[in-house]
Amino acid sequence: MGSEVSKQIQRCKAVSMEKQMLFDLNENCGETFPGCDYRPTDRKNWMASLGPKELHINNIVWPGTHNSATDRIGIPCISRPFAQCQTLSVYQQLVLGTRVLDIRVNENNRVCHGILLTYNIDVVINDVKKFLFETTSEVIILEIRTEYGHWDPPEFEDYLEEKLGMYLIHQDDYVFGKTIAELLPKRIICVWKPRNSPQPKPGSPFWSAEYLKDNWIDTDLPSTKFDSNLKHLSDQAPVSSRNFFYRVENTVTAQPDNPVVCVRPVTGRIHGYARLFINRCFAEGCANRLQVFSTDFIGGDFVDACVGLTHARVHGEC
């Protein structure tokens with residue numbers, strides 16, 4: 001018992017120390033970077049505002065959400081705080097400016113996070129289609145994966161093609177060098193990551209797991225995650241010379257051996273440092289590698305930071 005208490009005390013000290021490290025880094029380095037002052041006048045249509053003919057797919061800094069469809073997961077006030085990573089619906093996230101969605105499904109077409117379930121995947125698809133109907137030039141990366149511990153939904157590719165076929169951008173390495181205007185009216189890059197079924201093949205309406213990569217570090221220590229994100233991003237090739245999307249997640253995750261296990265207070269340890277991260281990318285010489293940037297509980301300022309950097313790239317400011 002005594003050793004367990006001692007362990008928890010050390011864990012709390014480590015968290016406190018790393019929170020202070022990020023705070024001090026932010027105080028010393030600030031949050032400035034090319035495009036940091038830019039604010040889109042219409043987040044719902046920010047890609048259209050930047051110009052579909054000027055906006056190349058590999059030059060976009062894509063604001064994304066982690067565990068995107070968890071706004072109504074679990075039981076309110078009981079299990080929900082342990083799995084909810086977003087409070088906005090998928091449609092509301094897209095209107096806010098999110099352009100990368102992370103959706104987890106089980107064998108019954110239900111969205112899930114671990115063992116906790118929420119609505120049917122139809123809710124997500126309908127939200128996406130509603131948003132696309134209301135806009136003209138916004139492109140979405142829709143990542144759908146079978147959650148760990150579950151089986152693939154039956155005939156899922158057929159289902160997705162039936163629902164989204166008219167919008168799907170087929171798997172093709174040449175897409176990365178194209179502008180949004182060259183892809184229209186197709187508007188969804190759908191990355192399908194099954195656990196048991198074969199991966200999508202070249203030319204398919206769906207993109208395989210190799211086209212959306214990350215280096216997930218499972219930790220609740222914010223400075224550890226921040227530094228790891230920088231290191232792994234630095235190891236990537238510049239966006240102009242790679243044919244896959246690379247994601248950095250501005251999140252930390254609760255650990256079972258720590259007394260704080262609800263998502264919001266844990267991820268809050270790093271949540272406010274997205275602009276600092278972009279600042280440090282420039283300081284470390286890896287800003288030209290940043291592409292998909294995701295977060296829990298996405299807000300307007302996070303979107304603005306991504307759009308601002310994209311604006312600076314389009315206008316040759318970085």
Side-chain angles (χ1 to χ4, degrees), residues 39-49 60-105 110-114 116-135 138-145 147 163-164 167 187-191 212 247-254 262-275 292-308 310:
R39 295 289 188 276
T41 56
D42 180 7
R43 294 190 184 112
K44 185 176 181 179
N45 292 283
W46 68 262
M47 288 182 168
S49 298
I60 298 169
V61 181
W62 303 74
T65 48
H66 170 241
N67 267 305
S68 306
T70 53
D71 55 304
R72 303 208 306 265
I73 200 164
I75 303 172
C77 301
I78 299 176
S79 58
R80 184 168 295 174
F82 303 107
Q84 185 184 54
C85 299
Q86 308 296 331
T87 55
L88 301 177
S89 70
V90 165
Y91 172 75
Q92 290 171 329
Q93 291 172 44
L94 292 170
V95 170
L96 184 67
T98 301
R99 293 296 178 266
V100 181
L101 299 171
D102 161 22
I103 309 296
R104 325 288 180 85
V105 294
R110 295 281 295 277
V111 177
C112 55
H113 182 188
L116 295 181
L117 303 176
T118 182
Y119 37 68
N120 191 282
I121 189 64
D122 281 341
V123 174
V124 173
I125 300 302
N126 290 338
D127 274 6
V128 168
K129 291 173 72 173
K130 178 182 179 183
F131 173 76
L132 293 178
F133 179 77
E134 294 174 354
T135 57
E138 306 305 300
V139 173
I140 298 168
I141 300 174
L142 174 62
E143 178 197 27
I144 307 181
R145 70 177 86 175
E147 180 68 305
K163 296 289 185 178
L164 300 172
Y167 296 112
R187 298 170 60 195
I188 300 176
I189 296 172
C190 185
V191 181
L212 179 54
R247 172 171 50 201
V248 174
E249 301 207 67
N250 189 57
T251 61
V252 287
T253 49
C262 294
V263 174
R264 187 180 284 275
V266 174
T267 200
R269 299 166 186 168
I270 198 173
H271 187 267
Y273 296 110
R275 288 180 176 268
V292 177
F293 198 23
S294 293
T295 189
D296 290 320
F297 304 108
I298 195 166
D301 187 67
F302 184 90
V303 171
D304 291 352
C306 296
V307 177
T310 303

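- Under a 3.5 Å cut-off, the side chain of T310 and the backbone N or O of I60 do not form any donor-acceptor pair.
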Exercise for the section: I would like to know whether E138 and N45 meet side chain to side chain contact (heavy atoms under 4.5 Å, CB included); could you show each step before the answer? Expected result: CA-CA 7 Å; E138 306 305 300; N45 292 283; 4.1 Å; yes

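- Here the CG-SG distance, from L212 to C190, works out to 11.0 Å after rounding to the nearest 0.5 Å.
- The shortest side-chain heavy-atom distance between Q86 and I298 falls under the 4.5 Å cut-off.
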Exercise for the section: Would you sort out whether V105 and V124 count as a side chain to side chain contact (heavy atoms under 4.5 Å, CB included), showing the intermediate values? Expected result: CA-CA 11 Å; V105 294; V124 173; over 6 Å; no

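- Checking side-chain atoms of R187 against main-chain N and O of L132 turns up a donor-acceptor pair under 3.5 Å.
- A salt bridge links R39 with D301: the distance from a Lys NZ or Arg NE/NH1/NH2 to an Asp or Glu carboxylate oxygen falls below 4.0 Å.
- Annotation: side chain of F82 is in contact with side chain of C262 (closest heavy-atom distance under 4.5 Å).
- Between the side chain of K129 and the main chain of K163, a donor-acceptor pair closer than 3.5 Å is present.
- In plain terms, the two heavy atoms of T295 and N250 that are nearest each other are OG1-O, 3.7 Å.
- Between D71 and Y119 there is a side-chain heavy-atom pair separated by less than 4.5 Å.
- In this view, K44 and E134 satisfy the side-chain hydrogen bond (donor to acceptor under 3.5 Å, both in side chains) rule, not counting sequence neighbours.
- Y167 places none of its side-chain heavy atoms less than 4.5 Å from the side chain of I140.
- Considering CZ of F302 and CZ of R275, their distance stands at 10.5 Å, rounded to 0.5 Å.
- Distance OG1/T118 to CZ/R80: 7.0 Å, rounded to 0.5 Å.
- When side chains are defined from C-beta on, T70 does not count as touching V263, because their heavy atoms never get closer than 4.5 Å.
- Summarising the geometry, atom NE2 belonging to H271 is positioned 10.0 Å from atom OG1 belonging to T251; distances are rounded to the nearest 0.5 Å.
- Annotation: side chain of L101 is in contact with side chain of T65 (closest heavy-atom distance under 4.5 Å).
- The backbone N or O of G114 lies less than 3.5 Å from a partner atom in the side chain of E147, making a donor-acceptor pair.
- Remark: N67 CG to T253 OG1 distance equals 10.5 Å, nearest 0.5 Å.
- H66 and D296 are linked by a side-chain donor-acceptor pair at a separation below 3.5 angstrom, with hydrogens and angles left out of the test.
- D127 has its side chain out of reach of F131: every pair of non-hydrogen atoms, C-beta onward, lies at least 4.5 Å apart.
- In this structure, the separation between OG on S294 and CD1 on I141 is 9.0 Å, given to the nearest 0.5 Å.
- Side-chain atoms of Q93 come within 3.5 Å of backbone N or O of S68 as a donor-acceptor pair.
- Between the side chain of R145 and the main chain of I103, no donor-acceptor pair closer than 3.5 Å is present.
- Between the W46 side chain and the G97 main chain, a donor and an acceptor come within less than 3.5 Å of each other.
- A search for ring-ring contact (aromatic ring centres under 6.0 Å, His included) contacts involving W62 returns F245, not counting sequence neighbours.
- Listed by chain and number, the residues in a side-chain contact (heavy atoms from CB on, under 4.5 Å) with T87 are Q84, R264, F297 (sequence neighbours excluded).
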